[in-house]
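Just below is one structure, and these are the notes that go with it.
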Amino acid sequence: MKETLEILRSLPSVDEILKTGDAQKWLEKYPRRFVIKAIREGIDAKRHEIFEEPKTESAYDLTESIMSVAFKRLSSFTSFRLKPVINATGVVIHTNLGRSPLSKKVLENIVSVASGYSNLEYDLETGKRGKRYTHVVSLLKELTGAEDAVIVNNNAAAVLLCLSSLAKGREVIVSRGELVEIGGSFRIPDIMVQSGSVLREVGTTNKTHLYDYEKAIHENTGMFLKVHQSNYRMIGFTEEVSIEDLVRLARKHSIPVMVDLGSGCFVDLKTYGIHSEPMVQDIVKKEVDIITLSGDKLLGGPQGGVIIGKKRYIEFIQKHPLMRAMRVDKFTLSAFEATLMEYADTDRASRNIPTLKMLFQDRTIIKKRAKRIVLRLRKRTASTDITLSKDSSQAGGGSLPEAEFPTYVVSIKPHTMSVNALEKRLRSASTPVIGRIKEESLLLDARTIMDDQIEPLVDAIINASEL
Ligand SMILES: *Cc1c(COP(=O)(O)O)cnc(C)c1O
């Protein structure tokens, strides 16, 4: 014990370490508070080590080993925690990985609007105060055929706002088959409680008929709500009421109809063999009063909640106090405008919006990319089995759950470590790589790997495979 105390006494102080040449260099480059915190943690780590295993070291060695720990801590304190990752999961709209990536063009528009002042709420024609939503509203009207539109922070906010402003204190009739929970705790019954409206469930889990809605109508009915089932599908003995039938019934009783589309798509997916997802434009044509959808799911834009529909309802919604609490900033609006502009020509949208491009890219392109990765890896390592194989990707984000997206994956089977160890190492790479484990292999889906990520991906795998 006496020996341990003596060794502990030989530990340098923070001040002594700060005087070293290396620490002086750190101070020039990094904030002082992080340098001091890192050195302190370096000394603490050494102190623990001495307690565990007391051994005498020269003053030079002590300082060296403290500095080496401190530098690692300093690098971690001063690097951003939110950072790019390589999505090799094949899930295109991956909510945990930031959903839709934005194109260069969209990013350029954000930079040009946000790096200086803009006419966010200024009418350049009259020189008076303008409205922050006018910039995107005309495009939304043009593209969807809706009478009016507005944008809030996300689709969950859009649903809450619409229910709060149109149905507070009144009953909202929803089919039991549509009382869904979307990932990340968005649950229709809970949102309804928050909005102050009263849920009136009708039908059964698998079957809801028009007469179920009709029987539930009384003087306090505030709305019919139809919710897209998003991430789940019912198969077999099922029945739901079509939007057309619901709108017809609603008109007879002067009840507004709202449809929460969730993802919402502006391009015709039938050309890609997907028949389950109607276009937003077609739903507008069915005379639905209010439609809500996400900005960063199939639309491929920034996070946001798009509300489109009849002018009188949108105007009413905009007057609700929650509207101010949910308002979007100039980043979102500039990104939305640039994204929506691409939809003026749907072919261009499919080419230029990363989410759509990734979902519908030609399989030969995915194969080529996967092959490039395989060849590069084989050139640089012999310690792993690397093969190209067929697999299937997913749209993700609760979109198109039953659609098949045939793809190619790079399958890696390490010889010198477990596949779990490799997966973990790749997650902690400087540009983390997120793949998925299937049996004893790590699969990297080439669909969601971007071309300019191939080099960092290969480097990360080589680094991670080294012992
Ligand atoms: C995704 C989704 C939401 C929530 O949208 P966010 O943009 O994630 O807030 C709401 N309703 C449905 C049906 C959805 O699919």
Side-chain angles (χ1 to χ4, degrees), residues 1-88 96-98 376-377 379-384 412 414-435 442 444 452-467:
M1 193 62 201
K2 181 156 173 277
E3 192 201 10
T4 309
L5 286 177
E6 233 156 67
I7 300 172
L8 282 175
R9 231 172 271 135
S10 66
L11 276 174
S13 68
V14 174
D15 278 341
E16 277 165 340
I17 291 190
L18 272 178
K19 284 191 195 116
T20 63
D22 279 347
Q24 287 297 312
K25 274 191 212 130
W26 294 351
L27 283 172
E28 277 167 32
K29 212 170 146 195
Y30 303 108
R32 188 178 175 86
R33 65 187 304 155
F34 287 147
V35 172
I36 291 176
K37 190 169 146 120
I39 293 174
R40 214 166 261 150
E41 291 191 9
I43 296 172
D44 282 348
K46 195 74 210 175
R47 187 176 294 123
H48 273 285
E49 205 182 296
I50 294 170
F51 267 121
E52 299 275 312
E53 192 189 344
K55 71 173 199 280
T56 317
E57 284 178 78
S58 71
Y60 177 82
D61 285 343
L62 267 179
T63 308
E64 276 291 286
S65 96
I66 290 170
M67 293 293 273
S68 134
V69 172
F71 187 65
K72 277 190 200 132
R73 302 286 158 94
L74 185 59
S75 311
S76 124
F77 296 155
T78 53
S79 62
F80 291 124
R81 310 287 161 106
L82 179 60
K83 57 184 174 183
V85 305
I86 297 174
N87 175 9
N96 301 148
L97 303 183
R376 266 157 224 244
L377 283 172
K379 228 191 256 173
R380 290 176 58 184
T381 179
S383 63
T384 37
I412 303 180
H415 295 166
T416 51
M417 68 183 85
S418 71
V419 66
N420 293 72
L422 177 66
E423 187 265 350
K424 186 160 179 240
R425 283 184 173 205
L426 282 174
R427 262 191 287 126
S428 51
S430 60
T431 304
V433 177
I434 318 294
L442 181 69
L444 304 174
D452 60 1
Q453 292 176 329
I454 292 181
E455 290 305 329
L457 171 76
V458 170
D459 287 343
I461 296 168
I462 298 297
N463 284 337
S465 324
E466 281 165 7
L467 286 174

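- Glu28 contributes no side-chain N or O that, together with a main-chain N or O of Lys25, makes up a donor-acceptor pair within less than 3.5 Å.
- Across all their heavy atoms, Pro31 and Thr78 have their closest contact at CD-CG2, 4.2 Å.
- Expressed to the nearest 0.5 Å, how far OG of Ser13 lies from CG of Leu18 amounts to 8.0 Å.
- Between the OG atom of Ser65 and the CD atom of Glu57 there is a distance of 5.5 Å, given to the nearest 0.5 Å.
- Formation of a donor-acceptor pair under 3.5 Å by the Arg73 side chain with backbone atoms of Ala38 is not found in this model.
- Rounded to the nearest 0.5 Å, atoms CD (Glu423) and CD1 (Ile434) are 7.5 Å apart.
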task: Test side chain to side chain contact (heavy atoms under 4.5 Å, CB included) on Lys55 and Ile7 and set out the steps.
output: CA-CA 7 Å; Lys55 71 173 199 280; Ile7 300 172; 5.5 Å; no
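- Across every non-hydrogen atom of Val433 and Ala460, the tightest pair is CG2-CB, 3.9 Å.
- Pro432 has its side chain out of reach of Ile86: every pair of non-hydrogen atoms, C-beta onward, lies at least 4.5 Å apart.
- Checked by atom type and distance alone, the side chain of Thr381 never pairs as donor or acceptor with a backbone atom of Leu377 at under 3.5 Å.
- Remark: His415 NE2 is packed, more than 12 non-hydrogen atoms of other residues, nucleotides or ligands lying under 6.0 Å away.
- For the atom pair Thr4 OG1 and Glu6 CD, the distance stands at 9.5 Å (nearest 0.5 Å).
- In this structure, the side chains of Met67 and Thr20 come closer than 4.5 Å at one or more pairs of heavy atoms.
- Remark: Thr63 OG1 to Ile39 CD1 distance equals 10.5 Å, nearest 0.5 Å.
- By the 4.5 Å heavy-atom criterion applied to side chains, Ile461 and Leu444 are counted as neighbours.
- Under the 4.5 Å side-chain criterion, counting only non-hydrogen atoms from C-beta, Ile66 is not in contact with Arg47.
- Annotation for Ala45 and Val69: closest pair CB-CG1, 4.2 Å, computed over non-hydrogen atoms.
- In this structure, the side chains of Lys72 and Ser75 stay at 4.5 Å or more apart for every pair of heavy atoms.
- Ion pairing between Asp459 and Arg380 holds under the 4.0 Å rule for side-chain N and carboxylate O.
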task: Given side chain to side chain contact (heavy atoms under 4.5 Å, CB included), test Val35 with Phe77 step by step and report yes or no.
output: CA-CA 9 Å; Val35 172; Phe77 296 155; over 6 Å; no
task: Could you go through the side chain to side chain contact (heavy atoms under 4.5 Å, CB included) check for Ile43 and Ile17 one step at a time?
output: CA-CA 10 Å; Ile43 296 172; Ile17 291 190; 4.2 Å; yes
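- Here the shortest heavy-atom pairing between Ala464 and Leu426 reads CB-CD2, 3.9 Å.
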Step-by-step ring pair (Phe, Tyr, Trp, His ring centres under 6.0 Å) determination, Trp26 to Phe34: CA-CA 10 Å; Trp26 294 351; Phe34 287 147; over 10 Å; no
Test log, rule salt bridge (charged side-chain N to carboxylate O under 4.0 Å, His left out), inputs Lys46 and Glu49: CA-CA 5 Å; Lys46 195 74 210 175; Glu49 205 182 296; 3.0 Å; yes
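- Ser68 places no side-chain N or O within 3.5 Å of a backbone atom of Glu64 that could act as its donor or acceptor partner.
- You'll find the side chain of Arg427 reaches within 4.5 Å of the side chain of Lys424, heavy atoms only.
- Annotation: side chain of Leu422 is in contact with side chain of Ser465 (closest heavy-atom distance under 4.5 Å).
- To the nearest 0.5 angstrom, Leu442 atom CG is 11.0 Å from Ser418 atom OG.
- For Glu3 (side chain) and Pro54 (main-chain N/O), no donor-acceptor pair under 3.5 Å exists by modelled atom type.
- Arg376 and Ile454 get closest at one heavy-atom pair: CD-CG2, 4.1 Å.
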- prompt: Would Leu27 and Arg32 count as a side chain to side chain contact (heavy atoms under 4.5 Å, CB included) if you check the C-alpha gap in whole Å, the side-chain angles of each, and the deciding distance to 0.1 Å?
  reply: CA-CA 6 Å; Leu27 283 172; Arg32 188 178 175 86; 3.8 Å; yes
